[in-house]
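Before any comments, here is the structure.
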Amino acid sequence: MRCCPEWTIDSIYYLAEGDFCSAYVVNDEWVFRFAKHDKARASLKREYCLLPKLANQITLPIPSPQIASFEDNPKLSFIAYPLLHGHALSQEQYFTLEEASRTHCAKQVAHFLNQMHSVNVRLAEDCHVLTNEYANRCSDLLKRARENLFPILDKPECLFIERVIGSYLESSGNTSDFRSTLLHGDLSPDHVLFDEKTKRVTAIIDFGDIMIGDPAWDFLWIYEDYGLDFLSRMLPAYRESDQPALLQRVFQFSLLQTIDWAIICQVKGDNAFMEAMTQLRTMRVQEEAQFTELLLTCGFA
């Protein structure tokens with residue numbers, strides 16, 4: 001390879017890909033992530049700048065890029081870092097664990113968030129990490145919902161979407177509700193690595209959505225993809241004085257994310273559109289019950 005002319009390449013295999021990058025493992029030791037477009041190249045630049053600085057502040061191993069190339073052609077741009085071992089801790093595998101192991105894994109993730117959310121945001125800003133403009137995103141979400149969903153929805157569903165988004169827009173101006181922190185941005189089961197022998201989380205990966213914003217966002221995919229059992233075991237180890245308010249924002253993000261998912265599926269003609277609509281309609285009918293369950297399961301009456 002041009003970036004590493006002294007290397008002997010014994011093996012290369014495909015690892016994974018997302019909307020931004022494709023990843024490959026070289027010599028069973030290094031992960032190379034290649035950008036798919038300009039936004040992905042900019043994201044890789046931010047990771048290359050920031051992640052090595054975070055490595056000493058985060059207890060769990062995280063990617064620490066040591067090699068990079070940023071070409072005019074974004075598809076030739078990449079970062080590379082030593083392979084982190086473990087496999088994704090899926091919800092299914094999580095529920096096979098004994099109680100003590102579940103609690104330990106949840107606490108490990110909580111400690112990771114404590115450390116991430118304590119990083120000085122100036123460090124991230126110096127690496128051009130972006131601030132999540134929630135109000136702008138929600139205004140755009142409402143516009144897209146009116147264009148793509150309202151023509152095919154019943155009036156109660158349209159009113160539900162208007163109310164959910166409108167409620168968030170009204171509250172988003174109150175900056176005292178939370179302190180903006182550095183976020184992982186996509187803390188889902190795919191990005192929590194696990195060792196079956198030790199029953200421990202071994203690393204957190206994929207910081208392509210790293211941003212500055214509301215810490216509640218980093219609990220969204222925990223709530224959506226792991227569920228209440230994991231979330232309720234995390235919270236006692238997470239440093240936040242007003243956890244009910246945090247959970248209210250997590251639930252609000254869940255509502256907004258379901259609306260966004262339905263729009264994306266409709267625009268793309270995705271087969272998951274009916275599933276998204278079923279979830280949206282269920283949330284409309286069961287909104288109060290689901291939020292009450294969230295609070296009660298996490299220990300708040």
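If you read the sequence from its start, that first residue is 1, and numbering goes on from there. The figures here come from the full heavy-atom set of this structure, side chains too, leaving out hydrogens, waters and symmetry mates.
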* Asked: Is the closest side-chain heavy-atom distance between L54 and L51 below 4.5 Å?
  -> yes
* All pairs passing salt bridge (Lys or Arg N to Asp or Glu O under 4.0 Å) where residues 249-258 contributes a residue, at least two apart -> D214-R249
* Backbone N/O of D10 and side chain of N27: donor-acceptor pair under 3.5 Å -> yes
* Enclosure of D242 CG (heavy-atom neighbours >12, cutoff 6.0 Å) -> yes
* Member of F34, W30, Y48 meeting the ring-ring contact (aromatic ring centres under 6.0 Å, His included) criterion with F78 -> F34
* Going from CD on E275 to CD on Q279, what distance comes out if it is rounded to the nearest 0.5 angstrom? -> 7.0 Å
* Same apolar cluster: F95 and L228, side chain cutoff 4.5 Å -> yes
* Which pair of non-hydrogen atoms, one from I165 and one from C138, has the smallest distance, and what is that distance? -> CG2-O, 3.5 Å
* Asked: Where the side chain of N114 meets the backbone of R239, is there a donor-acceptor pair that is under 3.5 Å apart?
  -> yes
* **Sequence neighbours excluded, every pair satisfying salt bridge (Lys or Arg N to Asp or Glu O under 4.0 Å) that has a member inside residues 105-123** => R122-E125
* Structure fact -> When rounded to the nearest 0.5 Å, the distance separating CZ of F273 from CD1 of I263 is 10.0 Å
* **Parallel, tilted or perpendicular: rings of Y168 and Y134 (30°, 60°)** => perpendicular
* To do: Measure up the F194 and H87 rings against each other and bin them: parallel (under 30°), tilted (30 to 60°), perpendicular (over 60°).
  => perpendicular
* CG on L141 to CD1 on I259, rounded to 0.5 Å -> 6.0 Å
* Structure fact -> Nearest heavy-atom contact between L84 and I62 is CD1-C, 3.5 Å
* To do: Using a strict cut-off of less than 4.0 Å between a Lys/Arg side-chain nitrogen and an Asp/Glu carboxylate oxygen, indicate whether R146 and E162 qualify as a salt bridge.
  => yes
* Can you tell me how far the CG atom of D190 sits from the OG atom of S90, to the nearest 0.5 Å? -> 9.0 Å
* **Pairs touching residues 191-239 that satisfy disulfide (SG to SG under 2.5 Å), sequence neighbours left out** => none
* When clusters are formed by joining ILVMFWY residues with side-chain heavy atoms under 4.5 Å apart, either directly or through shared neighbours, do I205 and I58 land in the same one? -> no
* Answer yes or no: is there a side-chain heavy-atom contact under 4.5 Å between Q93 and E196? => yes
* Donor-acceptor pair, side chain of W217 and main chain of G185, under 3.5 angstrom -> yes
* **Lys NZ or Arg CZ of R102 over F230 ring: under 6.0 Å, within 45°** => no
* List in chain and number order the residues that pass ring pair (Phe, Tyr, Trp, His ring centres under 6.0 Å) with Y24, two or more places apart in sequence or in another chain; answer none if no residue qualifies. => Y14
* **Same apolar cluster (I L V M F W Y, side chains within < 4.5 Å links), I264/L142** => no
* If a pair satisfies salt bridge (Lys or Arg N to Asp or Glu O under 4.0 Å) and one of its residues is in residues 22-34, list it, with sequence neighbours excluded. => R33-E47, R33-D206
* Asked: Looking only at atom types and distance, does a side-chain atom of E157 sit under 3.5 Å from a main-chain N or O of L280, one as donor and one as acceptor?
  -> no
* To do: Report the distance from atom CG of L256 to atom CD1 of I161, rounding to the nearest 0.5 Å.
  => 10.5 Å
* **Residues which pass side-chain contact (heavy atoms from CB on, under 4.5 Å) with T202, listed by chain and number, not counting sequence neighbours** => L193, D195
* Which atom pair, heavy atoms only, marks the closest approach of I210 to M116? -> CD1-CE, 4.3 Å
* disulfide (SG to SG under 2.5 Å) partners of residues 20-73, not counting sequence neighbours, each pair once -> C49-C127
* To do: Please test H111 against L60 for side-chain contact (heavy atoms from CB on, under 4.5 Å), starting from the C-alpha separation and ending with a verdict.
  => CA-CA 9 Å; H111 289 315; L60 279 172; over 6 Å; no
* Asked: Would you call L235 and L247 a side-chain contact if the rule is heavy atoms closer than 4.5 Å?
  -> yes
* Asked: Under 6.0 Å between ring centres, would you say that holds for Y223 and F253?
  -> no
* To do: Check side-chain contact (heavy atoms from CB on, under 4.5 Å) between S101 and all other residues, then give those that pass, not counting sequence neighbours.
  => L97, K199, R200
* Asked: Taking only residues at least two apart or on different chains, which pairs with a member in residues 211-248 satisfy disulfide (SG to SG under 2.5 Å)?
  -> none
* Structure fact -> One should read off an interatomic distance between L44 CG and F20 CZ, to the nearest 0.5 angstrom, of 9.5 Å
* **Over 12 foreign heavy atoms within 6.0 Å of CD, Q115** => yes
* **Non-hydrogen atoms of Q57 and K53 that approach each other most closely** => NE2-O, 3.5 Å
* Backbone N/O of K39 and side chain of S43: donor-acceptor pair under 3.5 Å -> no
* Side chain to side chain, L169 and S139, heavy atoms closer than 4.5 Å -> yes
* To do: State, to 0.1 Å, how close A106 and R233 come at their nearest heavy-atom pair, and which atoms those are.
  => CB-CB, 3.6 Å
* Could you check V192, V201, T59, L187 and say which one makes a side-chain contact (heavy atoms from CB on, under 4.5 Å) with F112? => L187
Indicate every side-chain donor-acceptor pair of residues 285-300 with a distance under 3.5 Å to a residue at least two apart or in another chain.
| residue | atom | partner | partner atom | Å |
| --- | --- | --- | --- | --- |
| E287 | OE1 | R163 | NH2 | 2.5 |
| T292 | OG1 | E288 | O | 2.9 |
| T297 | OG1 | E293 | O | 2.7 |

* Asked: Heavy-atom count around D19 CG within 6.0 Å, excluding the residue itself: above 12?
  -> no
* Got V26 and W7 here, is their nearest side-chain heavy-atom distance under 4.5 Å? -> yes
* Asked: Can you find a pair of side-chain heavy atoms, one from M277 and one from L153, that are under 4.5 Å apart?
  -> yes
* Same cluster or not: are M283 and W261 linked, directly or through other Ile, Leu, Val, Met, Phe, Trp or Tyr residues, by side-chain heavy atoms under 4.5 angstrom apart? -> no
* To do: Please tell me if the side chains of H117 and L183 come closer than 4.5 Å, counting only heavy atoms from C-beta onward.
  => yes
* Considering residues at least two apart in sequence or located in another chain, which fulfil the side-chain hydrogen bond (donor to acceptor under 3.5 Å, both in side chains) criterion with S64? -> none
* Asked: Taking the side chain from Q91 and the backbone from Y226, do they hold a donor-acceptor pair closer than 3.5 Å?
  -> yes
* Going by the angle between their ring planes, with limits at 30° and 60°, are H191 and H184 parallel, tilted or perpendicular? -> tilted
* **Side-chain touch Y94/D229, heavy atoms, less than 4.5 angstrom** => yes
* Asked: Any chain of hydrophobic side-chain contacts (each under 4.5 Å) joining F70 to F207?
  -> no
* To do: Give the minimum heavy-atom separation between A262 and A276, together with the two atoms involved.
  => CA-CB, 3.8 Å
* Structure fact -> Contacts satisfying salt bridge (Lys or Arg N to Asp or Glu O under 4.0 Å) that involve residues 130-145 (not counting sequence neighbours) are D140-R144, K143-E147, R144-D260
* So, are E240 and R179 salt-bridged, with charged N and O less than 4.0 Å apart? -> no
